[in-house]
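Here is the structure we will look at, set down as structure tokens.
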Amino acid sequence: MISLGVESTAHTFGIGIINDKGEVLANAKDMYKTEKGGILPTEAKEHHLRLKNEILERALKEAKLRIEDMDIISFSQGPGLPPCLVVGKDFAKELALKYKKPLVGVNHLISHLEIGKIFTKAKDSVFILATGANTQIIAFEGEKYRIFGECLSIAVGNALDKFGRNIDLGFPAGPRIEELAKKGKYIEMPYVVKGMDVEYSGIVTHAVNLYKKGAKKEDLCFSIQETIFSMLTEVAERAMAHTGKKELLLIGGVAANKRLIEMLTIMCNERKAKFYVVPVEYSGDQGVMIAWQGVLEYKRNKKYYNNLDIKKVDINSNWRIDG
Ligand code: AMP
Ligand code: MG
């Protein structure tokens with residue numbers, strides 16, 4: 001069985017193709033970026049509309065397949081930015097109707113977790129989902145994914161991007177902050193963990209104020225990373241202690257960060273737990289994870305998808321992972 005997945009929840013338009021053995025056949029994507037300023041949903045939408053056909057062509061070429069060869073068409077149904085989600089939904093619908101294929105709308109967050117599982121040997125882990133829009137500590141308990149802790153205001157990736165926007169690093173700021181941090185020294189930052197939850201907006205405001213007063217970019221990048229990643233490490237460790245799980249799996253775009261990986265490696269070594277990170281190519285948003293989640297959902301509920309009235313399928317922009 002071969003699945004084509006369309007990703008368009010936020011900055012990235014991606015098309016992935018995978019078979020039901022978990023072999024990736026194509027991973028074509030393009031990310032909307034800016035030199036200065038953050039992500040503007042309407043501009044991201046324009047980006048997706050402009051590139052969707054080209055990315056589809058690239059994916060099919062890479063896989064050496066035609067759309068006729070697909071068994072299902074999957075798409076990111078939510079959560080995400082509505083203008084962006086609509087582009088992916090309409091495109092996937094159009095393909096499903098034209099080529100008479102089942103359409104499978106999937107949860108973008110769960111697909112991040114499931115793709116992490118096929119690329120690592122993790123079996124029963126606590127997950128840290130660290131993306132632009134989400135920060136959640138998750139574990140599978142009692143037959144479903146449950147959230148043990150999350151960000152109270154803005155997500156870890158968003159905190160980095162917001163800070164970056166204020167010091168002119170452009171979007172996405174995470175990789176630039178990681179580079180600058182290598183030359184920085186520590187300045188004290190507010191550290192806010194409430195139970196199992198983390199709060200990042202105060203740190204961003206504090207760091208931006210220090211920047212306006214003349215603090216060095218490098219020092220602020222180093223300190224913001226140290227602080228927000230320590231907070232995440234603390235709650236992940238507590239979730240592992242609570243659930244008794246001996247594995248941790250880091251996923252989401254922020255999983256590209258070497259310093260975060262280093263902190264979590266140390267924590268897991270101290271607990272004699274295994275630590276896994278999703279490969280960088282699959283840590284951020286891409287269509288492969290959507291295609292894979294489509295395989296899982298379709299196999300679970302074939303009858304439903306084979307009888308679905310595709311014309312009525314819509315986005316679910318606030319879809320929670322435990323919903
Ligand atoms: P996602 O939403 O999962 O696609 O992830 C995108 C987010 O990951 C953005 O907020 C980026 O700033 C962030 N990101 C990407 N690379 C890095 C990095 N090396 N360090 C920190 N954050 C990163
Ligand atoms: Mg994502």
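Both ligands and their constituent atoms are indexed starting at 1 by order of listing.
- Counting only distance, with no hydrogens or angles, the side chain of T135 and the backbone of T131 share no donor-acceptor pair below 3.5 Å.
- The Mg ion (ligand 2) has H108 NE2, H112 NE2, D285 OD1 as protein N, O or S atoms under 2.8 Å away.
- Side-chain atoms of D219 come within 3.5 Å of backbone atoms of K185 as a donor-acceptor pair (strictly under, hydrogens ignored).
- Taking the six-membered ring for Trp and the full ring otherwise, F127 and Y145 have centroids separated by under 6.0 Å.
- Near G157, with a cut-off below 4.0 Å to any heavy atom, the atoms of ligand 1 are 10 (O).
- Scanning for side chain to side chain contact (heavy atoms under 4.5 Å, CB included) contacts around A273 gives M240, C268, R271, with sequence neighbours left out.
- The ligand atoms of ligand 1 that sit less than 4.0 angstrom from a heavy atom of H11 are 1 (P), 2 (O), 4 (O), 6 (C).
- Between H48 and F13, the ring planes lie tilted relative to each other; the angle falls in the 30° to 60° range.
- Checking H112 against N134 by side-chain atom types alone, no donor-acceptor pair falls below 3.5 Å.
- Every atom of ligand 1 is numbered from 1 in the order shown, and the set under 4.0 Å from a heavy atom of P172 is 11 (C), 12 (O).
- The closest protein non-hydrogen atom to atom 13 (C) of ligand 1 is V254 CG2, 3.9 Å.
- Considering both main-chain and side-chain atoms, G132 comes within under 3.5 Å of ligand 1 through a nitrogen or oxygen pair.
- Atom 14 (N) of ligand 1 has its closest protein heavy atom at G253 O, 3.6 Å.
- Remark: minimum distance from atom 22 (N) of ligand 1 to any protein heavy atom is reached at G174 CA, 3.4 Å.
- The CG atom of N257 sits 10.0 Å away from atom CD of E262, with the distance rounded to the nearest 0.5 Å.
- A donor and an acceptor atom, one from each side chain of N306 and Y298, are located under 3.5 Å apart.
- Close approach to G284 involves these atoms of ligand 1, each under 4.0 Å from a residue heavy atom: 3 (O), 4 (O).
- Here the protein heavy atom with the shortest distance to atom 20 (N) of ligand 1 is N257 ND2, 3.0 Å.
- When hydrophobic residues (I, L, V, M, F, W, Y) are linked wherever their side-chain heavy atoms come within less than 4.5 Å, the members clustered with Y186 are F222.
- With a 4.0 Å heavy-atom cut-off, ligand 1 is reached by the side chain of L160 but not by its N, CA, C or O.
- Of the N or O atoms in D285, one or more lie within a sub-3.5 Å distance of an N or O in ligand 1.
- Of all atoms in ligand 1, listed by their number and element, those nearer than 4.0 Å to a heavy atom of E178 are 18 (C), 19 (N), 20 (N).
- Remark: the T227 side chain and the Q225 side chain contain no N/O donor-acceptor pair separated by less than 3.5 Å.
- Residue K258 places every heavy atom at 4.0 Å or more from ligand 1.
- Side-chain atoms of S76 and T9 include no donor-acceptor pair closer than 3.5 Å.
- By the criterion of a heavy-atom distance under 4.0 Å, the side chain of D161, and not its backbone, is placed next to ligand 1.
- Distance check, rounded to the nearest 0.5 Å: CG of L220 to CD1 of I203 gives 12.5 Å.
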Output side-chain donor-acceptor pairs under 3.5 Å for residues 118-126, partner residues at least two apart or in another chain, one line each.
unit_1 : atom_1 : unit_2 : atom_2 : d
T120   : OG1    : G116   : O      : 2.9
T120   : OG1    : A122   : N      : 3.3
D124   : OD1    : K245   : NZ     : 2.8
D124   : OD2    : K245   : NZ     : 3.1

